[in-house]
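The next block holds one structure in the form of structure tokens; read it before the comments.
Along the sequence shown, residues carry numbers from 1. When reading the values below, keep in mind they use all heavy atoms of this one structure, side chains included, and skip hydrogens, waters and symmetry mates. Fair warning: this is a prediction, and the values are worked out from it, not measured in the lab.
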Amino acid sequence: GVLLNIQKYFNVTDSLAGLLQTVFICSFMLLAPVFGYLGDRYNRKIIMVAGLCIWTFTTLGSSFITQSNFWVFILTRALVGTGEASYSTIAPTIIGDLFSGFERTIMIAFFYIFIPVGSGLGYIAGSAIANATGDWHWALRVNPILGFIGLILLMLIVPSPPRGASETQGAVHLENTPYMEDVKYLLKNRSFVWSSLGVTAMAFVTGALAFWTPVFLYRAQVKQGRSARCSLCFSSFKFGVITVVTGILGVVMGTYISRKLRHRLPNADPLICAVGMLTSSPCFFFAIVLADRSIAATYVFIAVGETLLSLNWAILADILLYVVIPTRRATAEALQIMVCHLLGDAGSPALLGLISDAVSRSNPDSYSWMFRSLEYSFLLCPFIGVLGGMFFLLTALYIAEDRKAFAFDTVQPPPPTSTGGLFVFISLPVS
């Protein structure tokens with residue numbers, strides 16, 4: 001919501017601005033396996049509290065960085081990734097241990113609904129606060145207040161259930177296994193592998209769209225001759241509202257369709273994800289190519305595309321929970337996060353920025369060409385979306401078999417290995 005303000009304040013190009021998202025995602029991605037390992041073995045609630053503290057205080061600190069210290073600002077974005085890695089890796093596994101069956105699907109849907117809702121509110125609040133105060137820094141000073149409230153609720157309300165409590169009802173004690181054995185188990189789980197690649201394609205698309213869409217719409221409106229003064233904050237506000245509404249609508253629709261089809265069609269969940277990806281791609285394509293002709297049509301196609309893409313959020317988390325045994329879920333979440341960000345939204349904002357800068361060099365003084373260069377770079381996203389849809393179709397081929405294997409492993413877990421095979425991380429990053 002305040003990307004253009006940041007670019008002007010630090011005087012940076014599109015490619016450097018894209019690094020803000022890339023370093024955050026890289027930090028998130030690289031530390032996720034560490035927190036996944038810890039989350040499968042130690043107190044998950046304490047790890048989440050520590051992560052949320054880092055997340056909150058780093059965001060606040062980043063609002064006081066001066067114009068000459070852009071690279072320090074980049075560093076704080078990396079530290080925010082540290083906090084999110086701890087929280088996002090572990091929180092879904094706690095929900096998985098508190099609920100089972102369709103009740104768990106509902107709770108996971110409720111949890112994941114707040115990804116698009118939170119993102120959308122970020123655009124709305126960020127642009128509104130910057131516009132009201134005349135200073136974009138205040139957008140980073142309000143967010144920690146919400147983080148502090150979340151921290152208190154997390155400490156006082158959220159329980160810490162035993163791993164596998166919802167599946168075993170305490171009848172079977174599931175033992176931890178060495179980390180490399182967990183990784184080998186996950187790499188042999190075809191549903192996990194193909195769905196992780198599908199999530200990667202989805203992350204590429206959503207990361208690029210989330211980062212560049214407000215700036216893209218701003219340039220489109222300037223190209224049409226509209227007033228430049230308020231169009232960015234207005235674009236951010238409208239895009240934020242669309243993201244919130246379509247996120248809620250998409251998650252609710254995806255959960256409802258999954259509930260209706262799951263008992264009749266064993267591979268319904270990955271098929272829903274495939275349809276969501278394959279049908280959202282043409283919507284985003286038309287949104288991109290129509291931007292300089294009709295902003296209204298662009299908003300309509302963005303809304304439809306985001307709704308279709310949001311069908312997947314809760315379903316993807318549920319797939320992981322019912323094909324991976326409880327003692328390996330945090331590791332699975334972590335590896336999926338690492339892969340989807342490494343090949344997805346860690347690089348997509350920076351890649352689009354690099355393509356945009358490269359194209360714009362042929363006519364650097366033309367504002368119309370600045371819009372066109374970003375438009376051309378954006379066209380990569382629909383094609384990646386189609387590739388993601390194909391990965392989910394492959395997931396559908398194996399999901400029923402992997403669910404049966406999960407049920408067998410949960411009832412009859414593998415025998416515990418000797419402690420001589422264990423190893424620990426001896427070096428952890430500190431802030």
Side-chain angles (χ1 to χ4, degrees), residues 36 39 88-117 161 163-168 186 189-203 206 247-277 308-337 339-340 388-389 391-407 409-410:
S88 301
T89 303
I90 295 169
T93 69
I94 291 182
I95 297 174
D97 289 333
L98 289 172
F99 306 97
S100 62
F102 188 69
E103 187 179 35
R104 180 166 67 193
T105 303
I106 294 293
M107 296 303 173
I108 285 288
F110 188 75
F111 178 80
Y112 277 92
I113 235 175
F114 287 97
I115 292 179
V117 169
R163 292 170 182 84
S166 61
E167 280 91 4
T168 65
L186 293 170
N189 188 320
R190 292 169 294 185
S191 296
F192 172 77
V193 171
W194 288 118
S195 64
S196 295
L197 292 174
V199 176
T200 300
M202 184 175 169
T206 56
I248 295 173
L249 182 61
V251 171
V252 170
M253 286 175 57
T255 305
Y256 177 79
I257 295 169
S258 173
R259 181 184 181 184
K260 290 295 183 183
L261 296 181
R262 187 178 291 179
H263 296 297
R264 287 181 289 171
L265 197 62
N267 58 354
D269 286 350
L271 288 177
I272 294 168
C273 293
V275 170
M277 289 290 288
L308 293 168
L309 207 59
S310 295
L311 294 175
N312 301 357
W313 283 118
I315 295 173
L316 288 170
D318 211 20
I319 288 174
L320 185 146
L321 292 174
Y322 64 60
V323 299
V324 177
I325 63 173
T327 53
R328 289 167 172 163
R329 282 175 182 162
T331 299
E333 290 276 359
L335 289 178
Q336 190 173 85
I337 286 171
V339 171
C340 80
F391 288 139
F392 285 125
L393 289 176
L394 288 169
T395 306
L397 296 177
Y398 303 107
I399 196 78
E401 182 182 340
D402 289 333
R403 289 192 75 170
K404 291 178 182 177
F406 162 83
D409 290 341
T410 303

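- Here the straight-line distance linking atom CD1 of Ile248 with atom CZ of Phe110 works out to 9.5 Å at 0.5 Å rounding.
- Note that SG of Cys273 and CG of Leu308 are 12.0 Å apart. Values are rounded to the nearest 0.5 Å.
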Full working for side-chain contact (heavy atoms from CB on, under 4.5 Å) between Met202 and Asn312: CA-CA 9 Å; Met202 184 175 169; Asn312 301 357; 3.9 Å; yes
Stepwise side-chain contact (heavy atoms from CB on, under 4.5 Å) check, Val199 with Phe391: CA-CA 9 Å; Val199 176; Phe391 288 139; over 6 Å; no
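- Looking only at distances, no side-chain donor or acceptor of Ser195 sits under 3.5 Å from a matching main-chain atom of Thr395.
- For Val324 against Ala332, the heavy-atom pair with the smallest separation is CG1-CB, 3.9 Å.
- Nearest approach of Ala400 to Pro266, heavy atoms of both residues: CB-CB, 4.1 Å.
- Scored by the side-chain contact (heavy atoms from CB on, under 4.5 Å) test, Ile257 finds Leu261, Ile272 as partners (sequence neighbours excluded).
- The shortest non-hydrogen separation linking Cys340 to Ala203 is O-CB, 3.7 Å.
- In this structure, the separation between CD1 on Ile95 and CD1 on Ile90 is 12.5 Å, given to the nearest 0.5 Å.
- Here Arg403 does not pair with Asp269 in a salt bridge; the nearest charged N to carboxylate O distance is not below 4.0 Å.
- A 4.5 Å side-chain heavy-atom check between Leu271 and Leu393 finds at least one atom pair inside the cut-off.
- In terms of modelled atom types and a separation under 3.5 Å, the side chain of Asp402 and the main chain of Ser191 share a donor-acceptor contact.
- Shortest non-hydrogen contact noted between Leu394 and Trp194 is CD1-CZ3, 3.5 Å.
- With Arg262 as the fixed residue, the side chain to side chain contact (heavy atoms under 4.5 Å, CB included) test singles out one of Ile315, Asp318, Asn267: Asp318.
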Derivation and outcome, side-chain contact (heavy atoms from CB on, under 4.5 Å), residues Leu316 and Gln336: CA-CA 11 Å; Leu316 288 170; Gln336 190 173 85; 5.7 Å; no
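- The nearest pair of heavy atoms linking Phe192 to Leu335 is CZ-CB, 4.3 Å.
- Put simply, OG1 on Thr93 and CZ on Arg328 are 15.0 Å apart, with the number rounded to the nearest 0.5 Å.
- Counting heavy atoms from C-beta on, the side chains of Val275 and Phe392 never come closer than 4.5 Å.
- Not one N or O on the side chain of Ser258 forms a donor-acceptor pair closer than 3.5 Å with the backbone of Gly254.
- Smallest separation of non-hydrogen atoms from Ala274 and Gly389: CB-O, 3.6 Å.
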